[in-house]
Number of protein chains: 2
Amino acid sequence: MGILERRQRQKEEVKNDIICTAWQMVKKEGWQALSIRKIADAIEYSVPVIYDHFENKDAILLEFSKKGFMILSAKIIEAKDRYKEPEEQIKAMADAYWNFAMDNKEHYQLMFGIGMPCCEISKAMPEQEKFRSLVLQPIDDVIKKSGRTDINSCLKYHTFWSVMHGLISIKIIGNSAIDEELNKMVLDDAIAGFIKNLS
Amino acid sequence: MGILERRQRQKEEVKNDIICTAWQMVKKEGWQALSIRKIADAIEYSVPVIYDHFENKDAILLEFSKKGFMILSAKIIEAKDRYKEPEEQIKAMADAYWNFAMDNKEHYQLMFGIGMPCCEISKAMPEQEKFRSLVLQPIDDVIKKSGRTDINSCLKYHTFWSVMHGLISIKIIGNSAIDEELNKMVLDDAIAGFIKNLS
DNA sequence: TATGTTTCCTAACAGTGTTAGCAAATATAG
DNA sequence: CTATATTTGCTAACACTGTTAGGAAACATA
């Protein structure tokens, strides 16, 4: 008798409804605006029904995080398969990663836990120009020293910052999922490579 | 008459008390656990008093964010001033940045809006090994191709990811404080440099 | 001593995640 | 077809959250 199966189907329909509604909210107002009650209102069920499908609110957000990684994986595979030479593959994968992040900002934020209510970086960073020039100057020096004119120091400043921030935030988020020692080695390697590429 | 000045002093003492208490909470339980009521309880004042000193909760967190940037600036200047050669300066600045982040995780999280309740990256990333090997393989290929044996592909995998994530998250957080075009150029530059350093 | 200010609290508003307990609808067994 | 058991989905509450209106008490000034 297919009664149980129909019930199962209906139940999953509700779950799907929850996910869709929640996703619309996240897309429209950001992950901070997601609320169980608002979801319940939208799907026209009472609040506790949500908890029949998800253990808690975080579980819903985790769902999106997971989906994000799946989409990203797919995009990267797709990009890689378009090329044969590994150099091209790396470049294509990087582009795919970038495009994924730009096209799926909400996913990306959930995946990597980015974006607090308070902090727009520009508001928090005092004397932005001073900070910038501080880091920029030695970069500029190395470039000048090498006599090269095709290297943009402004570009390199951002590269520097990105490498630093990327490694650190992945370490902080990942909560030592990755070897402690390795992280410092990655930094040293990245900075060494960075300096090398300046001349 | 120093009455007004004493009052001013006392008022700033309370403000200082708020900051100190709030900071202890952030350090002990993370920025998500900070609550106006808990601060009020701790400083033995009623809730609205907090709002005589800060416009809202975010303003308190912003305070820490700002302080974080000040500490970071100081550390970077200090590191830079220890060396004369720009290459050494860059290396020292990178180390200082890294150490700052490790020693001040709470500050760093506030500064760059990292760390949501839900997402520990390891829980969200499905089939971690598959994802890893996907990116690792072309990196390995380039290294093999070059015939070099002194390059650790595992290291390079993390470097790749860091560069990607760093650039993207700064762009997302910074909310286009930085030129739109520039970001893609930085990525291209960083990836080109990355590939170059593999052989 | 009376007036005006500042300080500070109570209490509320409007929301949040989460759960206990109960009523109604449904499916199964006699 | 009725009686029992199960699932389903609700109301209402608990314990929080940020934020603010309004009033009472403490204070300094005239």
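Convention: sequence-line order gives letters A, B, ...; per-chain numbering from 1. In this text, all values refer to a predicted model and were calculated from it rather than measured experimentally.
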* Asked: Who pairs with H165(B) by ring-ring contact (aromatic ring centres under 6.0 Å, His included), at least two apart in sequence or on another chain?
  -> Y108(A), F112(A)
* Asked: When Ile, Leu, Val, Met, Phe, Trp and Tyr are grouped by side-chain heavy atoms lying under 4.5 Å apart, directly or through other members, which residues fall in the same group as V163(A)?
  -> V163(B)
* Rounding to a whole Å, what distance do you find between K15(A):NZ and dT8(D):P? -> 14 Å
* Asked: Taking NZ from K57(B) and P from dT17(D), how many angstroms apart are they, rounded to a whole number?
  -> 9 Å
* Structure fact -> Rounded to whole Å, CD of Q32(B) lies from P of dT17(D) at a distance of 14 Å
* **Interatomic distance, E29(B) CD vs dC16(D) P [rounded to whole Å]** => 13 Å
* Can you check whether K11(A) has a side-chain N or O nearer than 4.0 Å to OP1 or OP2 of dT8(D)? -> yes
* Asked: Does K27(B) NZ have over 12 foreign heavy atoms under 6.0 Å away?
  -> no
* Quick one: list whatever passes ring-ring contact (aromatic ring centres under 6.0 Å, His included) with W98(A), sequence neighbours left out. => none
* Distance in angstrom units between D17(B) CG and dC8(C) P, rounded -> 12 Å
Per-pair distances, 0.1 Å, donor-acceptor, side chain in residues 9-16 of chain B, under 3.5 Å, sequence neighbours excluded:
none

* To do: Hey, could you give me each pair passing side chain to side chain donor-acceptor pair (under 3.5 Å) that has a residue in residues 71-89 of chain B? Not counting sequence neighbours.
  => Q137(A)-K80(B), K145(A)-E85(B), K145(A)-E87(B)
* Please list, chain by chain and in numerical order, all residues satisfying ring-ring contact (aromatic ring centres under 6.0 Å, His included) with F100(A), sequence neighbours excluded. => none
Identify each atom pair where a protein N or O and an N or O of nucleotides 23-26 of chain C are less than 3.5 Å apart, giving names and distance.
residue : atom : partner : partner atom : Å
dT26(C) : O3'  : R7(A)   : NH2          : 3.3

* Under 4.0 Å from any atom of DNA chain D, heavy atoms only: list the residues of residues 33-56 of chain B that qualify, in numerical order. => L34(B), S35(B), I36(B), R37(B), K38(B), V47(B), P48(B), Y51(B), N56(B)
* Asked: Taking only residues two or more places apart in sequence, or in another chain, which ones meet F160(A) in a ring-ring contact (aromatic ring centres under 6.0 Å, His included)?
  -> F194(A)
* Interatomic distance, Q8(A) CD vs dT6(D) C1' [rounded to whole Å] -> 15 Å
